[in-house]
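The structure displayed is predicted, hence computed values, not measured ones. Atoms considered below: every heavy atom in the structure, side chains included; atoms not considered: hydrogens, waters and symmetry mates. Labels below follow one simple rule: chain letters A, B, ... track the order of the sequence lines, proteins then strands, and each chain is numbered from 1.
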Amino acid sequence: MPDASTPSSASESAVPHLYLVDGSSYIFRAYHRLPPLTNKHGQPAGAVYGYTTMLWKLADSLNKADGPTHMAVILDASEHTHRNEMYDQYKAHRPPPPEDLVPQFPLIRVATRAFSIPCIEEAGLEADDIIACYTVAAKAAGWRVTIVSSDKDLMQLIDEDAGIDMLDTMNDRRIGRAEVLEKFGVPPEKVGDVLALMGDSVDNVPGVPGIGPKTASQLIQTYGDLETVLASTHEITKPKLKQSLIDHADAARLSRELVRLVCDANLPEPLEDLSLKGIPLEPLQAFLEDQGFKSLLNRLTGSAPQKGATVVNDVMAAMEPKRAAQAEPEKIEVDRSKYETVTDEDSLDRWIAEATAQGFVAIDTETDCIDCIIARLVGVCLATAPNKACYIPVGHGGGDLLSEAPNQLPLDLVLAKLKPMLEDPAVLKVGHNLKYDWVMFDKAGIEVAPIDDTMVMSFDLDAGRSFGHGLDELAKLHFDHECIPFKQLCGTGSKQITFDKVPLEAATEYAAEDADIALRLWMRLKPRLAAEEASRVYERVDKPLVPVISRMERRGVKVDREYLAKLSAEFGAEIKSLEERVYEAACGPFTIGSPQQLGEVLYGRLGLKGGRKGKSGQYSTDVNELERLAAEGVTCATLVLEWRQLTKLKNTYTDALQGQINGETGRVHTSFSLTGAQTGRLSSNDPNLQNIPIRTEIGRKIRDAFVADSGFKLLSADYSQIELRLAAHMADVPQLKEAFRGGADIHSITAEELFGTVDRDTRNKAKTVNFAILYGISSWGLAGRLGVGKDEGKAIIDRYFERFPGIQDYIHKTLAFVREQGFTQTLFGRKTHFLPNIRSPNPSIRGGAERAAINAPIQGTSADLIKRAMARMDDALVKEGLEGVRMLLQVHDELVFEVPDGQEEQAAEVIRRVMSTAAEPAIRLDVPLDVEVGWGAHWGEAH
DNA sequence: AACCACTCTTA
DNA sequence: GTAAGAGTGGTTG
């Protein structure tokens, strides 16, 4: 316990023991592992809190055996060091620190001063180098040294014989020679050689391509050091490895210098000045008070816990990592009896005050309808800690004469009281599928921010795994807890009731549980984001999209009902006439829409020849089969094809769409799912506006039903061949990249490479092959598509790989990675998981997983790009004075806007710019991203 | 009423 | 060959 009055009991004769705290690396880890808390000024302080408790622990061991007699915190002073002179790419791709961490950096120095511990930083030296200098100097003086860090670079310094070790306070673990041997397979003095071979993507130390920790360790174990490895390449049998070592020997030597720690610089402060006898009470107490770290303050002053401080501190304590034990995380059983129904103003105020003081709260809304556009608010839930949740009913009962409304607070009052907290930038609102709740509050004029969405978090961590991302499923998975099923309250089918009819006790148990679980999920998932490298895609791509998509859904798109009705009537008449002709051709009536009956008619009654299909033993009657028959002159098949096209259009689009038009807005409000597609794409439902026909003349008429509001035009902007461009970049294919840069026709280039000549036929074939590549090629599949034999299919693929070896390389590398790691990644780090299928012994299952794995990085990167563009779009438009432009739809590579008349050109320019620069600054693509823009009175015209 | 198989629409 | 959602018929409970 820090206390100036404690006499120094360490014997004066004992060897001095210097603790060197790697402050810079610590706060990054603290930031990612702790919840985003704020101090009492509303500033972000999660990392500062973590840092403070770490110093506290160290101070606690002051004067104890093996505790420090001398201590210093080492920080990075400047970005630019001698390593940048050696290698201009050093740490070049490092993203800027998160926004809510930046203001915490200066607080770190304040905290260090509060403990009266020296804080050392030196221009031109990284913290690692300063630590090395002090370590070497202390060693020379015969001192013991403990480096408080878990940075692998610093492990080079460990020398237990000389009393130099490391302490990882996050995991509460001492790191000595044995731990280094376990991690690297080599002793500390050879760690630098291993690091040089394996490189470091975070610091952008190049290393040798193809060599990771395993191979690097093996090589150094075999040959002893880097130079010997490089001099012994003739002995290496694996050809790839050998060549890579030869080709990148210089990069390896450069890397060796980059990871070498500077240990001979002058010490900014003499060793003796780092002596630490005790921690004066005064500055520390003032600091803790200022930050509002009440639990630490109580421990310092020894007083009883102060009222009002308990919740936040309990949560902080619960979040404090005790990972060393690696025991089961302590499980707090869900206890629904603890939930509260809030029906009076005082209780409501109390909950809001608590959420505000704590700086985070889980929220959930209950409504009378699944469609958030027409839904009315029935109740709101808040959760501030496990089992600490409430339900605030605002719209229960009173809907009919039989039921009297229960006692509850008025809707307007509740919203007015919630608004400041929901919009408070210092209070994080956590929710599961917050998009829904965001719309509900948006309708009430409340812009909820900042937010964390546990459904999106789960998706960014676990896309592709064998479970979904719904709240109930995740509760079962992560907490082995069964949520109350919605059905249990509201029934199902015709007997279903709306949530406002549910009695308050039952409603509270169900609703508060959802908020409770969302909060627990957040505590569970948030730390995983950083640990599993999912922070970037979550923070920069998906989370920002939640409000963006909410707004798009709320705006909806205008649909011309009369026009659709007219189309429906036309299609209906045509269908009727076709039916009669089909019956005539088939010698009697049957249900045309039944593949079973159609199969019987074609292959039974009419006696045509054709194949059966797999499991059900039923005849296949899909387009391919019918087209084959039609080509043979079977009238019935031709008529059925026409019938199918028209019924599809009528049933799915012209009829159904009319029913989807919102009576109030006259518009269709689709719902976009952020977690709908494993690759990171959005999906659209109720209705699906991402599959509106375009290919055929007759289908395209449906697009004309999507119109602009009066005084507006519809503007469509789509990426030109984005997936092929990304494939050219990611697989590094010079000819294709050059073609895209020069604006050449990519399929013609491919045709030239594959067949030596370009005409309509070869170009079409080349186009098919290009797409086949994106989908994970197989000779069998390609042959089927091209209508050629399997051998010719294989020959074409071989030729393709020969002309574009980068593609083959990309496929091999992607498959090797996914087999090893179990997941693929996009350029922006989005993961899609493929275990266990990618290692399935069943070739068909495995093959399917492999094709998906080849496609996922490309499709996913494309999805990341358009999402980045969407996240930036509104700001960019507003900046150019185009606040009247509204983004309405996303169709994978296309964005649809409503633009005020006269602003088309200006809007087109901004939209094109935002879309084509969507990769920047994170990624520099070798190919341009071309965007085609068009506009008109309706969607069809905008293309 | 709930589910599956089949078919068809999009990128 | 990739990724989706939706309507229909037909079976199951």
Is a side-chain donor or acceptor of [X] paired with a backbone partner of [Y] at a separation under 3.5 angstrom?
X	Y	value
A:Y619	A:L602	no
A:R763	A:H747	no
A:Q690	A:Q890	yes
A:D453	A:N433	yes

Listing request: all ring pair (Phe, Tyr, Trp, His ring centres under 6.0 Å) pairs with a residue in residues 670-702 of chain A, at least two apart in sequence or in separate chains.
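Ring pair (Phe, Tyr, Trp, His ring centres under 6.0 Å) check on residues 670-702 of chain A returns no pairs.
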
Restricting to pairs with a member in residues 769-800 of chain A, which pass ring pair (Phe, Tyr, Trp, His ring centres under 6.0 Å), not counting sequence neighbours?
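The answer is A:Y800-A:F804.
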
Report which part of the nucleic acid [X] touches: base, sugar-phosphate, or nothing (heavy-atom distance under 4.0 Å, all strands).
X	result
A:Y653	sugar-phosphate
A:T647	nothing
A:T832	nothing

From [atom1] of [X] over to [atom2] of [N], roughly how many Å is that when rounded to an integer?
X	N	atom1	atom2	answer
A:Q859	C:dT2	CD	P	11 Å
A:K867	C:dA3	NZ	P	16 Å
A:Y775	C:dT2	OH	C1'	6 Å
A:N770	C:dT2	CG	P	17 Å
A:K487	B:dA2	NZ	P	7 Å
A:Y800	C:dG1	OH	C1'	14 Å
A:W643	B:dT7	CH2	C1'	11 Å
A:Q618	B:dC4	CD	C1'	12 Å

Just to be sure I understand the geometry, which residues of residues 671-702 of chain A put a non-hydrogen atom under 4.0 Å away from DNA chain B?
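Result for residues 671-702 of chain A: A:R681, A:Q690, A:N691, A:I692, A:P693, A:I694, A:R695, sorted by number.
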
Quick one, give me the B/S/- string for nucleotides 7-13 of chain C, reading 5' to 3', where B means a protein heavy atom under 4.0 Å from the base and S means that only happens at the primed atoms, P, OP1 or OP2.
SSSS---

Using the test salt bridge (Lys or Arg N to Asp or Glu O under 4.0 Å), find all partners of [X] that sit at least two apart in sequence or belong to another chain.
X	value
A:D542	A:R830, A:K867
A:K650	A:D655
A:R554	A:D442
A:E894	none

In terms of side-chain heavy atoms of A:R644, which of B:dT7, B:dT9, C:dG1 is nearest?
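My answer, after comparing the listed nucleotides, is B:dT7.
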
Stretch residues 833-857 of chain A: residues that reach within less than 4.0 Å of DNA chain C through a heavy atom
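Nucleic-acid contacts, sorted: A:R851, A:A852, A:N855.
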
Where along residues 809-831 of chain A does a heavy atom fall under 4.0 Å from DNA chain C?
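Hits under 4.0 Å, by residue number: none.
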
Under the side chain to side chain donor-acceptor pair (under 3.5 Å) rule, collect the residues that match up with A:E898, sequence neighbours excluded.
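Here the qualifying residues are A:R667, A:R886.
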
Under 4.0 angstrom between A:S862 side-chain N/O and B:dA11 OP1 or OP2:
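Checking A:S862 against B:dA11: no side-chain N or O falls below 4.0 Å of OP1 or OP2.
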
Side chain to side chain contact (heavy atoms under 4.5 Å, CB included) with A:L639: which residues, sequence neighbours excluded?
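With neighbours one apart ignored, the set is A:L578, A:R581, A:V582, A:A585, A:T635.
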
For the aromatic rings, using the six-membered ring if either is Trp, is the centroid distance between A:F823 and A:H833 under 6.0 Å?
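Ring centres of A:H833 and A:F823 closer than 6.0 Å.
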
Non-hydrogen atoms of A:M887 and A:M870 that approach each other most closely:
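Scanning both residues, the minimum pair turns out to be CE-O, 3.7 Å.
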
